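Here the structure comes first, spelled out in structure tokens, and everything after it is commentary.
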Amino acid sequence: LYEKGLIQEIGISNTGPKRLNFLYHKLKERGIKIKSIQLQFSLLTKPSLEDEKIKDICNEHNIEYLAYSPLALGVLTIPPNKSPKPSTFLRQKLFQRILPKTKELRTLLSNIGEKYSASQAQVALNWVRSHGAKPIVGIRNPLQAKDAISALNWSLTKNEKETLDAYRNKSLTN
């Protein structure tokens with residue numbers, strides 16, 4: 001499709017560093033550049049050594065790193081003192097399981113957000129950006145769109161990023 005001029009760019013999703021490197025070189029032989037890679041990446045995705053390898057490949061070959069589900073299906077936006085009941089059965093089960101385990105993290109997001117007059121979503125999006133990824137945000141209404149845009153007006157400090165990194169590494173690797 002690219003060679004026929006029917007599409008302008010190539011993007012890939014959910015692949016590891018070996019496959020990304022393989023695809024990069026095979027496509028390069030044909031004069032085709034990989035524009036982006038999409039991976040699930042949030043404070044609730046389990047850290048792996050592959051993440052760093054993929055980021056290194058992206059940096060080396062100028063491939064955009066796009067993070068889908070940066071708000072972990074909305075879990076990271078829920079205030080720490082709330083336990084909403086989602087409308088779908090699957091989300092109800094997911095929230096029942098995840099919300100209690102993420103209360104400390106959501107409190108941390110809320111506390112950091114207060115400093116910037118920002119939402120938990122903005123803090124979580126800034127964390128994703130601090131890792132060199134571009135978050136793909138699911139937006140369902142104008143308020144969410146404005147909130148996501150507002151996340152671009154400020155950035156986490158190095159200490160805030162490291163605090164969130166430490167929480168993620170501690171909680172998700174245990």
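If you're wondering where the values come from, they're calculated on a predicted model, not measured in any experiment.
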Out of curiosity, [X] [atom1] to [Y] [atom2], how far, rounded to the nearest 0.5 Å?
| X | Y | atom1 | atom2 | value |
| --- | --- | --- | --- | --- |
| Leu39 | Ser69 | CG | OG | 12.0 Å |
| Ser13 | Gln38 | OG | CD | 5.0 Å |
| Leu105 | Lys170 | CG | NZ | 10.0 Å |
| Ile112 | Asn126 | CD1 | CG | 10.0 Å |
| Phe95 | Ser83 | CZ | OG | 10.0 Å |
| Leu1 | Ile10 | CG | CD1 | 7.5 Å |

Show the numbers, then the answer: is there a side chain to side chain contact (heavy atoms under 4.5 Å, CB included) between Tyr116 and Gln122? CA-CA 10 Å; Tyr116 299 98; Gln122 288 181 42; over 6 Å; no
Looking only at non-hydrogen atoms, find the nearest pair between [X] and [Y] and report the distance.
| X | Y | result |
| --- | --- | --- |
| Pro79 | Arg106 | O-NH1, 2.9 Å |
| Ala145 | Ile139 | N-CG2, 3.6 Å |
| Leu125 | Pro135 | CD2-CB, 3.7 Å |
| Ile37 | Ile63 | N-CG2, 3.9 Å |
| Pro17 | Ile57 | O-CD1, 3.4 Å |
| Ala124 | Pro70 | CB-O, 4.3 Å |

So, [X] and [Y], do they make that salt bridge, N to O below 4.0 Å?
| X | Y | result |
| --- | --- | --- |
| Glu50 | Lys53 | no |
| Asp165 | Lys161 | yes |
| Glu160 | Lys115 | yes |

Side chain to side chain donor-acceptor pair (under 3.5 Å), that's the test. Do Arg168 and Thr45 meet it? Break it down for me. CA-CA 8 Å; Arg168 177 180 182 242; Thr45 55; 3.2 Å; yes
Donor-acceptor pair, side chain of [X] and main chain of [Y], under 3.5 angstrom:
| X | Y | value |
| --- | --- | --- |
| Arg97 | Gln92 | no |
| Asp147 | Ala121 | no |
| Arg129 | Ala151 | yes |
| Arg30 | Glu3 | no |
| Asn169 | Ala166 | no |

Are more than 12 heavy atoms from other residues, nucleotides or ligands located less than 6.0 Å from atom NZ of Lys33?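 Yes.
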Do other residues, nucleotides or ligands put more than 12 heavy atoms under 6.0 Å from Leu6 CG?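 Enclosed: over 12 neighbouring heavy atoms sit under 6.0 Å from CG of Leu6.
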Does [X] belong to the same Ile/Leu/Val/Met/Phe/Trp/Tyr cluster as [Y], with side-chain heavy atoms less than 4.5 Å apart forming each link?
| X | Y | result |
| --- | --- | --- |
| Ile149 | Leu156 | no |
| Leu76 | Ile136 | no |
| Ile34 | Leu66 | no |
| Leu73 | Leu90 | no |
| Leu94 | Leu71 | no |

Report the relative orientation of the aromatic rings in Tyr24 and His61; use parallel for angles under 30°, tilted for 30 to 60°, perpendicular for over 60°.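 Rings of Tyr24 and His61: parallel, as their planes differ by under 30°.
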Under a 4.5 Å cut-off applied to non-hydrogen side-chain atoms, are [X] and [Y] in contact?
| X | Y | result |
| --- | --- | --- |
| Pro80 | Gln120 | yes |
| Trp154 | Leu152 | no |
| Ile54 | Cys58 | yes |
| Lys85 | Gln96 | no |
| Leu44 | Thr102 | yes |
| Leu164 | Val123 | yes |

Is the ring centre of Phe41 less than 6.0 Å from the ring centre of Trp127?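 For Phe41 and Trp127, the ring centres are under 6.0 Å apart.
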Yes or no on side chain to side chain donor-acceptor pair (under 3.5 Å) for Tyr68 and Asn14, after CA distance, side-chain angles and deciding distance? CA-CA 10 Å; Tyr68 72 82; Asn14 295 327; 3.0 Å; yes
